[in-house]
2 protein chains.
Amino acid sequence: MSKRVGVLGGMGPMATADFFRKLIEETPAQRDQDHLPVVIYSVPQMPSRDKAITQGGESPFPQMLAGLHALKQQRADFVAIPCNTAHFWYEDLCREGGIPILHIVDAVCDELSHARSIEGPIGLLSTEATLLSRIYHDRLLQRGIELIVNTPEERDKFINPGIELVKCGRLEEAGIAVQRAVACLLERGAKKLILGCTELPVALEAIDSPSKENCIDATRALARASVSRALA
Amino acid sequence: MSKRVGVLGGMGPMATADFFRKLIEETPAQRDQDHLPVVIYSVPQMPSRDKAITQGGESPFPQMLAGLHALKQQRADFVAIPCNTAHFWYEDLCREGGIPILHIVDAVCDELSHARSIEGPIGLLSTEATLLSRIYHDRLLQRGIELIVNTPEERDKFINPGIELVKCGRLEEAGIAVQRAVACLLERGAKKLILGCTELPVALEAIDSPSKENCIDATRALARASVSRALA
């Protein structure tokens, strides 16, 4: 019997739906009953994660903690959070949530270690908040992996609008914007790109981006880690 | 403040993910916080709905009821069930669940009444169990709408394999099979088709079926009804 997966979602909702679909795609199953038991808490009524981190705004931590408690009440065995920025509060959520939580960057690191050797730097596409929180930098530095990131101008012009367009359902426009941020990092020599914000794969898939092969999708990495954990 | 949507899912999981995505697509939203609060219970460990109805097999009712209770505990204001066949137990679930439940066929009827006048019969693609339970026939007959359905041979050759292929993640093969069932009903004069099983739109979208325009997607209809209810 597989473990029950809890999903702390809503950050944003479309990214949560994308994670759910990838969780199903990554599960070896012949029929309904082979799929994982999953409970998803997708309640996006919380303060902005970005503003909390970059501008000292109101913290969304109480709402995230309430979500963890709901998932615990529904007997989830562990939790996945399909939002990179939310991992700023990872240690606090682990300490106060009372339920094991997978770390999305650990899942990405597992994908990297399965990949064949990577020559040259890895590009990271993410929000400013994810950069400030160093959740990727600290973990990848430990593995001797060098990261290059978009300039603040590229984030303002391509990544942030791309993320916002996904949140309001304009996926193709989002894809075009995100593709330009991808191109900037490829031009600067990145051999592989980490899509370190869960709106980004939604955007690139909407335009069937030719760069998908060069990308490590943190959402899919977290889905794979969840399936491994659930079936272990 | 919108109402909280409960989703009794897992029947099957991919259909639940499809419903979740459509719920997000149908919500007018500019940012995360505008999206609906949603809790999804997708626990597919239950007896086969089809066997229970067509062969008198073990009933999945206790597991469905447990799901409703979980959603009620998470303060859902109402529930949507993205599975047509599951509506065989609709009245019992309403009576014992203690929470309002939308009916997927009422949602389809709403779509039909918004459509321009439909000349000629409507085709219904569904499982045998959905036909036996008459959930579509009884409601549409009340509105004077005539239904034509696939032959048992067409169901065995195209619809049932299509549904099973979705459940094991082989979506394009599923699409090709379902498209053949669609073609049979169009050839027999159907002017509009109801996709009366929530695996069917997943299959047809995987092949970007040209028949999508002729189809009423019960999953999207239920998503629209859920958004209306939540924002009412």
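All values below come from the heavy atoms of this structure, side chains included, with hydrogens, waters and symmetry mates left out. Every chain is numbered from 1, with letters handed out A, B, ... down the list of sequences.
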### Query
Looking at A/Arg75, A/Glu25, A/Arg21, which makes the most heavy-atom pairs under 4.5 Å with chain B?
A/Arg21
## Note on the structure
Rounded to the nearest 0.5 angstrom, the SG-CG distance for A/Cys83 and B/Asp32 is 8.0 Å
#### Entry: Largest heavy-atom contact set with chain A, pairs under 4.5 Å, which of B/Arg4, B/His35, B/Arg170
B/His35
### Task
First locate atom SG of B/Cys168, then atom CD1 of A/Ile24, and finally report the distance between them rounded to the nearest 0.5 Å.
13.0 Å
#### Entry: Which of A/Ser42, A/Ser48, A/Gly10 touches chain B most, by non-hydrogen pairs under 4.5 Å
A/Ser42
## Note on the structure
Cut-off 4.5 Å, heavy atoms of chain A, and the answer for B/Leu171 is side chain
### More than 12 heavy atoms from other groups under 6.0 Å of NZ on A/Lys3
yes
### Which of A/Met46, A/Gln73, A/Arg31 touches chain B most, by non-hydrogen pairs under 4.5 Å
A/Gln73
### Message
Heavy-atom pairs under 4.5 Å with chain A - which of B/Val43, B/Ile40, B/Leu36 has more of them than the others?
### Response
B/Ile40
### Query
Just wondering, do B/Val38 and A/Pro13 contact through their side chains at under 4.5 Å, heavy atoms?
no
### Task
Flag yes if more than 12 heavy atoms outside B/Lys72 fall under 6.0 Å of its NZ atom; otherwise flag no.
no
### Message
Quick check on B/Thr16 against chain A: is it the side chain, the backbone, both or neither that has a heavy atom closer than 4.5 Å?
### Response
both
#### Entry: Toward chain A, the part of B/Pro28 with a non-hydrogen atom under 4.5 Å
neither
### Side-chain heavy atoms of B/Pro44 within contact of A/Gln33, under 4.5 Å
no
### Donor + acceptor pair across side chains of B/Glu164, A/Gln30 (<3.5 Å)
no
### Task
Please examine the side chains of B/Gln45 and A/Pro37, heavy atoms only from C-beta on, and report whether any two atoms are closer than 4.5 Å.
yes
